[in-house]
Amino acid sequence: MCIAAPAHVVEINREDNWLVADFGGARQQAKIDLLPEVEIGDYVLIHAGYAIEKLSEEAAKESLEAWEELLDMLEEEDMEMEKARREHFNQ
């Protein structure tokens with residue numbers, strides 16, 4: 001299964017046919033063969049080293065908000081599991 005999160009395009013090299021996109025501070029290079037019209041400031045989905053889909057800013061922000069909610073829930077779950085583990089071993 002592949003999960004893609006929106007990435008913000010911060011650099012484009014048309015000569016070598018790639019872009020650099022930012023995933024909340026982590027940057028990734030991707031080929032633009034499938035999205036030759038992409039511009040700096042666009043949001044894209046990247047899979048297997050290729051920018052595969054351009055997203056509207058609204059769709060990207062909705063997706064990023066959903067990702068944040070999911071990550072917050074997972075972090076909370078991890079803390080609860082750690083607390084339960086500590087309580088179990090302190091008995």
Side-chain angles (χ1 to χ4, degrees):
M1 178 171 87
C2 175
I3 299 174
H8 191 235
V9 178
V10 296
E11 182 181 341
I12 296 176
N13 180 322
R14 297 212 187 273
E15 185 176 307
D16 294 327
N17 210 38
W18 54 258
L19 61 75
V20 174
D22 182 86
F23 290 90
R27 293 191 173 200
Q28 179 179 356
Q29 187 172 321
K31 298 293 280 177
I32 59 173
D33 296 13
L34 303 173
L35 296 175
E37 76 287 352
V38 71
E39 298 291 338
I40 291 174
D42 288 344
Y43 286 88
V44 296
L45 294 179
I46 296 175
H47 174 67
Y50 286 84
I52 61 169
E53 184 177 349
K54 183 176 165 181
L55 301 172
S56 70
E57 186 172 351
E58 181 181 333
K61 287 183 179 184
E62 287 175 8
S63 181
L64 289 169
E65 287 173 7
W67 273 105
E68 281 185 40
E69 288 178 25
L70 175 62
L71 293 173
D72 288 346
M73 288 188 319
L74 291 172
E75 185 176 340
E76 186 176 311
E77 186 177 289
D78 283 348
M79 288 188 303
E80 289 175 8
M81 290 178 66
E82 179 63 20
K83 181 181 175 184
R85 185 189 68 78
R86 286 182 185 161
E87 289 173 356
H88 174 75
F89 286 111
N90 288 332
Q91 291 180 1

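Hydrogens, waters and symmetry mates are skipped; everything else that's a heavy atom, side chains included, is used.
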Q: Under the side chain to side chain contact (heavy atoms under 4.5 Å, CB included) rule, what do Leu55 and Val44 come out as? Steps first, then yes or no, please.
A: CA-CA 6 Å; Leu55 301 172; Val44 296; over 6 Å; no
Q: Less than 3.5 Å apart, which donor and acceptor atoms pair up between the side chains of residues 29-42 and the rest of the protein, not counting sequence neighbours?
A:
| residue | atom | partner | partner atom | Å |
| --- | --- | --- | --- | --- |
| Lys31 | NZ | Asp16 | O | 3.2 |
| Asp33 | OD1 | Asn17 | ND2 | 2.1 |
| Glu39 | OE2 | Arg14 | NH2 | 3.3 |
| Asp42 | OD2 | Glu39 | N | 2.7 |
| Asp42 | OD2 | Lys54 | NZ | 3.4 |

Q: Test question: given the 4.5 Å side-chain rule for I, L, V, M, F, W and Y, name all other residues clustered with Val10, or answer none.
A: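 Under the 4.5 Å side-chain rule, Val10 groups with Trp18, Val20.
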Q: So which heavy atom on Ser56 is nearest to which on Ala59, and how close?
A: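 Scanning both residues, the minimum pair turns out to be OG-N, 3.0 Å.
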Q: How would you list, by chain and number, every residue that makes a salt bridge (Lys or Arg N to Asp or Glu O under 4.0 Å) with Glu82, sequence neighbours excluded?
A: Arg85, Arg86
Q: What pair of heavy atoms forms the shortest contact from Leu19 to Ala51, and how long is it?
A: CD2-CB, 4.0 Å
Q: Tell me, which pairs form a salt bridge (charged side-chain N to carboxylate O under 4.0 Å, His left out) where one or both residues lie in residues 58-72, sequence neighbours left out?
A: Glu57-Lys61
Q: Under the rule for side-chain contact (heavy atoms from CB on, under 4.5 Å), what residues qualify as partners of Leu64, not counting sequence neighbours?
A: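 Once residues adjacent in sequence are excluded, the partners of Leu64 under the side-chain contact (heavy atoms from CB on, under 4.5 Å) criterion are Pro6, Tyr43.
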Q: Keeping to residues at least two apart or across chains, list the salt bridge (charged side-chain N to carboxylate O under 4.0 Å, His left out) pairs with something in residues 20-30.
A: Asp22-Arg27
